[in-house]
Amino acid sequence: MIDLKTIYTQIKKYGYIKEMNFSREVEYGVCCSFDLELVLCEYPCYDADDMLSLKFIGVKDLQINDFDNLFRIVLDIVPIFEMQLENLNYSVKEIENDMISFKCKNIIINSYNT
């Protein structure tokens with residue numbers, strides 16, 4: 001299980017979306033899973049060289065709403081293991097501006113400098 005406290009601490013520092021990357025894994029001509037990466041940075045985003053990558057593995061039920069403004073995001077990540085949904089362990093929702101929501105299997109967090 002991931003350490004949600006660490007993720008929340010990092011999101012407080014890197015609270016602005018710089019990039020959103022959506023990819024899928026295909027094996028033998030069959031789509032196996034979708035992944036979503038949010039690359040977050042500090043303000044001002046145009047001068048960012050210190051960033052945080054949150055990669056959400058096995059994304060389902062993705063909903064993206066209007067996010068064309070520079071808003072600080074507030075993610076709510078809830079473990080949903082007890083619901084026993086196949087390959088879904090977390091529910092993720094941006095709660096301040098309702099920009100994005102989805103469920104996923106796993107979360108990988110990386111911070112890096114460019």
Side-chain angles (χ1 to χ4, degrees):
M1 189 161 134
I2 61 166
D3 181 9
L4 292 177
K5 184 177 179 181
T6 299
I7 289 179
Y8 288 137
T9 300
Q10 292 294 318
I11 291 173
K12 284 181 184 178
K13 179 177 180 184
Y14 307 97
Y16 297 90
I17 296 175
K18 180 173 174 67
E19 296 177 26
M20 183 184 304
N21 303 305
F22 192 64
S23 61
R24 70 177 177 175
E25 183 179 320
V26 178
E27 289 182 11
Y28 307 108
V30 177
C31 179
C32 296
S33 81
F34 289 91
D35 299 335
L36 173 69
E37 180 185 30
L38 294 178
V39 178
L40 307 177
C41 63
E42 297 177 87
Y43 185 82
C45 297
Y46 58 84
D47 195 24
D49 61 353
D50 187 19
M51 294 177 275
L52 175 70
S53 167
L54 294 174
K55 188 166 186 179
F56 302 94
I57 309 298
V59 170
K60 301 268 187 187
D61 303 328
L62 176 64
Q63 293 184 357
I64 300 175
N65 297 318
D66 185 25
F67 64 94
D68 62 349
N69 290 313
L70 185 62
F71 294 123
R72 174 176 282 281
I73 64 166
V74 179
L75 291 181
D76 184 34
I77 303 170
V78 177
I80 56 172
F81 300 102
E82 72 281 352
M83 295 177 70
Q84 298 181 353
L85 299 172
E86 186 174 337
N87 292 323
L88 296 174
N89 297 319
Y90 300 96
S91 174
V92 181
K93 183 172 182 161
E94 197 286 320
I95 57 174
E96 187 73 19
N97 302 292
D98 195 29
M99 290 189 287
I100 190 167
S101 66
F102 55 90
K103 294 175 183 67
C104 67
K105 180 178 181 178
N106 199 8
I107 304 170
I108 299 171
I109 182 172
N110 289 306
S111 55
Y112 54 93
N113 294 337
T114 58

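Here, residue 1 is the first one in the sequence, and each next residue gets the next number.
Under the 3.5 Å distance criterion, the side-chain polar atoms of D35 are matched with a main-chain donor or acceptor of G58. When atom types are taken as modelled, the side chain of E94 and the backbone of E96 share a donor-acceptor pair closer than 3.5 angstrom.
The closest side-chain heavy-atom distance from R72 to Y16 is below 4.5 Å. Looking at heavy atoms from C-beta onward, M99 lies in side-chain contact with I73 at the 4.5 angstrom threshold. By the 4.5 Å heavy-atom criterion applied to side chains, L75 and V92 are counted as neighbours. Between D66 and D98 there is no side-chain heavy-atom pair separated by less than 4.5 Å. Using a 4.5 Å heavy-atom cutoff, the side chains of I17 and L40 are in contact. Under the 4.5 Å side-chain criterion, counting only non-hydrogen atoms from C-beta, K55 is not in contact with L36. Two residues are said to be in side-chain contact when any heavy atoms from C-beta on lie closer than 4.5 Å; P79 and L4 meet this criterion. Contact annotation: the side chain of D50 approaches that of Y14 to within less than 4.5 Å [non-hydrogen atoms, C-beta and beyond].
Rounded to the nearest 0.5 angstrom, S111 OG and K13 NZ are separated by 8.0 Å. Distance check: N89 CG to K105 NZ gives 8.0 Å after rounding to the nearest 0.5 Å. Residue K60 holds its NZ atom at 6.5 Å from CG of L88, rounded to the nearest 0.5 Å. To the nearest 0.5 angstrom, D76 atom CG is 10.0 Å from I11 atom CD1. Interatomic distance, K103 NZ to K93 NZ, rounded to the nearest 0.5 Å: 10.0 Å. With rounding to the nearest 0.5 angstrom, the CG atom of L54 is 9.0 Å from the CD atom of Q10.
Under the 4.5 Å side-chain heavy-atom criterion for grouping Ile, Leu, Val, Met, Phe, Trp and Tyr, L62 is not connected to I95 through any hydrophobic cluster. Using a 4.5 Å cut-off between side-chain heavy atoms of Ile, Leu, Val, Met, Phe, Trp and Tyr, with links allowed through other members, I108 and M20 fall into different hydrophobic clusters. Note on V78: it does not cluster hydrophobically with I57, by side-chain heavy-atom contacts below 4.5 Å among ILVMFWY residues. Tracing side-chain contacts under 4.5 Å through hydrophobic residues (I, L, V, M, F, W, Y), one reaches I64 starting from I77; they form part of the same cluster.
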Tell me, with the steps shown, if V74 and N97 meet side-chain contact (heavy atoms from CB on, under 4.5 Å). CA-CA 8 Å; V74 179; N97 302 292; over 6 Å; no

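Just one of F102, F22, F56 meets the ring-ring contact (aromatic ring centres under 6.0 Å, His included) condition when paired with F34; it is F22.
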